[in-house]
Number of protein chains: 2
Amino acid sequence: MKPSCKMAKSKDTTEEKILNAAKEVFMKYGLYGSRMHDIADTAGINKALLHYYFRSKEKLFDTVFSGALHKYLQQMDAFLDSSLPIRQRLNNYVDNVFSFLEEYPQMPVFIIKEVSINPELFRDRVDVLKKDKGISIIQVLEKEIELGTIRKMDTALFLINLHSLCSYPFLAAPIFKHVLKANHKNWEEYSPAKIKQSVKQFIERTLLS
Amino acid sequence: MKPSCKMAKSKDTTEEKILNAAKEVFMKYGLYGSRMHDIADTAGINKALLHYYFRSKEKLFDTVFSGALHKYLQQMDAFLDSSLPIRQRLNNYVDNVFSFLEEYPQMPVFIIKEVSINPELFRDRVDVLKKDKGISIIQVLEKEIELGTIRKMDTALFLINLHSLCSYPFLAAPIFKHVLKANHKNWEEYSPAKIKQSVKQFIERTLLS
DNA sequence: TTCTGGTTTAACTGTTTGGTTAAATCAAAA
DNA sequence: TTTTGATTTAACCAAACAGTTAAACCAGAA
């Protein structure tokens, strides 16, 4: 009956087409701003089939959001490889965040906005957040400060700044693109690679002991 | 007939109540995610009166968005007082951005998202952007570099980083609040004042010649 | 008091939206 | 060939939604 127990052979199953379309539409318009009809169109199918795979809008959204949150938190694993020195770990972490953002530029805003609208999205997933990784990063940094590996600083503030420098440029790309254009510069020069470079420069200047 | 030509005496006119409610709802849910009924409720009136003041949803949204864009661009005026030295100008600029963000934390995301959904919102307002201020900031910075007042750097990248450091913490506050809580720190310590301080530190470290 | 204009109530229209259903296709496996 | 399950088409429903209208209400000004 249900096609969910199908093997992923063609890597382009209808379920995947739907999920990709849903990701795209939900991330752009949010839960309340999205229409099932729009998702079906984006997936290249009809809404009857959409409801055949995901019974309701809420169920589809829940699947998309869970996946997004999981992937978002997964980034932080790169930081947690305790066998590496702190600078290497930070470096890998930023690399990971950027490759994630290049794939889903609007993901952080999507998560933040939906949670602020519907706080139970967060509360209902305490299990995922139990072993919350953002927490450990702060603790690791504070241990490194004790060890004298890095300069003494406000670790939480550092984390906030770091995320800001990474996420916001992707978010604000459409605006910056316009501003740079009006300034006779082209956005392509300010591609992720260049921005990442400046983030790492920020890290170095901050950690510098 | 229309009450629009009324003097602002009580400072709490129905029109203002509507506009404030519309700001709140539109900024939270976006154009497509907002319901007129919700705006009317938030304003404490009924939808008949809502349509009496603003004929349509699009017209109301347009008024809100125009005001938002105008206020957003207005911040940049603080930078343009050419009688002051560059560091002072940057300082005032950041102060201005922060007092704006404290009042409307979600404004940058609101503008960015709505423009990326509906690009003609930007195109239709080229008149406002003709004397675009973001542009001039870059040009001013480059002149200062020529003069040797500040270190040689990528000015556009600097502006992107600066905006990221200012805007994102307000945007992501609900998430950071949770992360800090789980980390036995309280968000209040990371209030705008402290974040602003770290932004200015970033500016100093970057400009340092 | 009357008049005026903001405000409410409530009913109404037409459209959109989420969701369902049944019959008809269609391709591939049995 | 028959069967099975994915997919489409199209009609349908109930609720939500944007927007309109008319009558009633009510406060302050004339």
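Just so it is clear: chains get the letters A, B, ... in the order the sequence lines come, proteins before strands, and each one is counted from 1.
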Below 3.5 Å is the cut-off: list the nitrogen or oxygen pairs between protein and nucleotides 9-14 of chain C, distance only.
none

Strictly below 4.0 Å: does [X] bring a side-chain N or O up to OP1 or OP2 of [N]?
X: Tyr52(B); N: dT7(C); answer: no
X: His37(B); N: dC17(D); answer: no
X: His51(B); N: dG19(D); answer: yes
X: Thr14(B); N: dT7(C); answer: yes

- [ ] Measure from the side-chain heavy atoms of Met36(B) and tell me the nearest of dT8(C), dA18(D), dG19(C).
- [x] dA18(D)
Task: Closest to the Ser56(B) side chain, choosing from dT8(C), dG18(C), dG19(D) - done: dG19(D)
Quick one: [X] [atom1] to [N] [atom2], roughly how many Å, whole number?
X: Asp41(A); N: dT17(C); atom1: CG; atom2: C1'; value: 14 Å
X: Tyr32(B); N: dT15(C); atom1: OH; atom2: P; value: 19 Å
X: Ile39(B); N: dA16(D); atom1: CD1; atom2: P; value: 18 Å
X: Leu31(A); N: dA16(D); atom1: CG; atom2: C1'; value: 15 Å
X: Tyr53(A); N: dA6(D); atom1: OH; atom2: P; value: 6 Å
X: Lys57(B); N: dT16(C); atom1: NZ; atom2: P; value: 13 Å
X: Arg35(A); N: dG19(C); atom1: CZ; atom2: C1'; value: 15 Å
X: Lys59(A); N: dG18(C); atom1: NZ; atom2: C1'; value: 16 Å

Close side-chain approach of [X] and [Y], heavy atoms under 4.5 Å:
X: Glu114(B); Y: Phe26(B); answer: no
X: Phe65(B); Y: Leu31(B); answer: no
X: Leu165(A); Y: Ser198(A); answer: no
X: Gln88(A); Y: Asp81(A); answer: no
X: Ile150(A); Y: Ile86(A); answer: yes

Open item on the list: What I want to find out is whether Asp62(B) reaches Lys57(B) closely enough, with some N-O distance under 4.0 Å, to be called a salt bridge.
Closed with: no
TODO: Classify the angle between the aromatic ring planes of Tyr93(A) and His163(A) as parallel (below 30°), tilted (30 to 60°) or perpendicular (above 60°).
DONE: perpendicular
